[in-house]
J.: 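The structure's right below; bear with me while I get my questions together.
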Amino acid sequence: MTSNKQISTNIDFSSVLAAAVHDMKNSLFLLIQSIEGLRDALPKENNGAREQVANVHYEASRLNTNLVQILSLYRSELESIPISADECFVADLIDDVVGSNAFYIEQKKIELSVNVDEDVSWYLDSELIYLLINDVIINALRYGTSRIAIQASIVDDYLSIKIEDDGNGYPEEMLSKSHSTLSNFELSQGRTGLGLFFAKLIADAHSHNDKAGIISLSNGGSLGGSVFEVKIP
């Protein structure tokens with residue numbers, strides 16, 4: 001004679017969700033590669049199809065950034081976000097970010113200027129800073145109109161990377177939120193809040209002596225739109 005036994009299991013939903021997000025991210029990466037293959041196969045004169053592929057590639061890249069942010073935030077809950085700092089040539093890093101968005105930039109005829117001394121190098125986590133810069137550029141492509149400017153320089157013992165566009169600028173609520181500390185930050189405003197918190201988390205994780213990285217948001221600048229700046233000590 002057998003008896004039925006009820007088995008109860010405590011499920012760590014956050015871990016299950018993180019595993020699912022990781023799997024989705026890998027699948028999305030393969031999808032992005034397929035989109036890029038389709039892009040390369042399309043004749044340049046087929047502008048309508050290339051326009052649609054550029055839009056799909058952009059949205060897939062934006063979704064991939066969201067998934068990476070969610071994973072990073074989950075890991076930061078387990079412990080402080082891991083930093084693997086090494087010497088990085090900033091011009092090469094920015095070239096990589098621009099290159100990953102080149103198809104959309106070309107298709108939308110966006111004028112993008114980069115002002116970085118090729119000899120400028122800094123100790124930082126290149127993967128995390130890549131994600132940070134890429135997210136800002138993706139937003140600039142979405143909300144700007146026709147021009148984006150990127151510049152990097154060393155100012156007062158900080159590496160400053162600044163990204164400007166000619167859009168309508170940041171809304172006042174987002175400018176106010178950018179001044180919040182990590183401990184007081186509230187993730188209640190959807191993707192805008194997530195991206196800003198993620199940027200703060202990456203910047204703050206880069207510390208040297210008694211200094212920590214910082215971000216700032218403003219409007220105006222040389223192009224009259226939004227201005228994002230991250231400073232790494």
Side-chain angles (χ1 to χ4, degrees), residues 65 68-69 72-73 75-77 79-101 112-141 144 147-167 169-170 174-185 187 192-233:
T65 298
V68 171
Q69 289 175 348
S72 298
L73 291 175
R75 289 165 181 162
S76 73
E77 284 293 311
E79 54 181 316
S80 59
I81 190 168
I83 289 289
S84 179
D86 202 353
E87 184 177 18
C88 172
F89 284 92
V90 180
D92 292 342
L93 175 62
I94 292 177
D95 282 346
D96 287 343
V97 179
V98 172
S100 67
N101 295 284
L112 188 145
S113 64
V114 178
N115 183 13
V116 185
D117 190 329
E118 291 186 0
D119 295 330
V120 173
S121 65
W122 208 252
Y123 278 85
L124 48 79
D125 188 312
S126 59
E127 291 187 6
L128 288 177
I129 297 300
Y130 175 98
L131 292 172
L132 188 157
I133 297 173
N134 188 61
D135 190 48
V136 177
I137 290 179
I138 284 177
N139 279 314
L141 291 172
R147 299 173 65 195
I148 297 174
I150 307 171
Q151 63 180 28
S153 59
I154 297 175
V155 181
D156 298 330
D157 296 326
Y158 282 86
L159 169 66
S160 167
I161 301 176
K162 187 179 294 185
I163 301 167
E164 306 179 40
D165 65 49
D166 62 346
Y170 293 114
M174 191 171 180
L175 292 175
S176 300
K177 200 176 183 67
S178 69
H179 299 298
S180 301
T181 61
L182 281 172
S183 58
N184 294 327
F185 201 97
L187 287 173
T192 297
L194 175 61
L196 187 56
F197 182 78
F198 185 65
K200 280 180 170 290
L201 191 69
I202 291 176
D204 188 70
H206 284 80
S207 60
H208 180 67
N209 294 331
D210 59 343
K211 298 178 180 179
I214 54 176
I215 67 166
S216 63
L217 275 59
S218 61
N219 290 329
S222 62
L223 300 181
S226 61
V227 181
F228 176 97
E229 183 177 20
V230 58
K231 292 183 177 180
I232 305 297

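Here the structure is a predicted model, which is why all the values come from computation and not from measurement. Residues: numbered from 1 along the sequence shown.
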J.: Looking at every heavy atom in both N134 and S100, which two are closest together, and how far apart are they?
T.: OD1-OG, 3.6 Å

J.: To the nearest 0.5 Å, what is the distance between CG on L93 and CD1 on I133?
T.: 4.5 Å

J.: Sequence neighbours excluded and cut-off under 3.5 Å, please list the side-chain donor-acceptor pairs for residues 149-164, or say none.
T.:
residue	atom	partner	partner atom	Å
S160	OG	E229	OE2	2.5
E164	OE1	S222	N	2.7
E164	OE1	S222	OG	2.9

J.: Measuring from H206:NE2 to I232:CD1, what's the distance to the nearest 0.5 Å?
T.: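 It comes to 5.0 Å.
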
J.: How far does CD1 of I129 sit from SG of C88, to the nearest 0.5 angstrom?
T.: 9.0 Å

J.: Which atom names give the shortest non-hydrogen contact between P233 and W122, and what distance separates them?
T.: O-NE1, 3.2 Å

J.: Treating D125 as the side-chain partner and E127 as the backbone partner, does any N or O pair qualify as donor plus acceptor under 3.5 Å?
T.: yes

J.: State, to 0.1 Å, how close Y170 and L175 come at their nearest heavy-atom pair, and which atoms those are.
T.: CB-CD2, 3.7 Å

J.: Using atom types as modelled and distance alone, determine if a side-chain donor or acceptor of D165 lies under 3.5 Å from a backbone N or O of S226.
T.: yes

J.: Say you draw a straight line from CD1 of I94 to CZ of F89; how long is it, rounded to the nearest 0.5 Å?
T.: 14.0 Å

J.: Identify the heavy atoms of A140 and I148 that sit nearest to each other, and give their distance.
T.: CB-CD1, 3.8 Å

J.: Starting at CD1 of I137, measure out to OH of Y130 and round the result to the nearest 0.5 Å.
T.: 9.0 Å

J.: Find the distance between CZ (F228) and OG (S216) and round it off to the nearest 0.5 Å.
T.: 7.5 Å

J.: What is the minimum heavy-atom distance between A203 and I215, and which atoms define it?
T.: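 Looking at all heavy atoms of both residues, the shortest contact is CB-CG2, 3.8 Å.
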
J.: Answer yes or no: does atom CD of E87 have more than 12 heavy-atom neighbours from other residues, nucleotides or ligands under 6.0 Å?
T.: yes

J.: Measure the shortest side-chain to side-chain distance between L131 and D135 over non-hydrogen atoms and say whether it is less than 4.5 angstrom.
T.: no

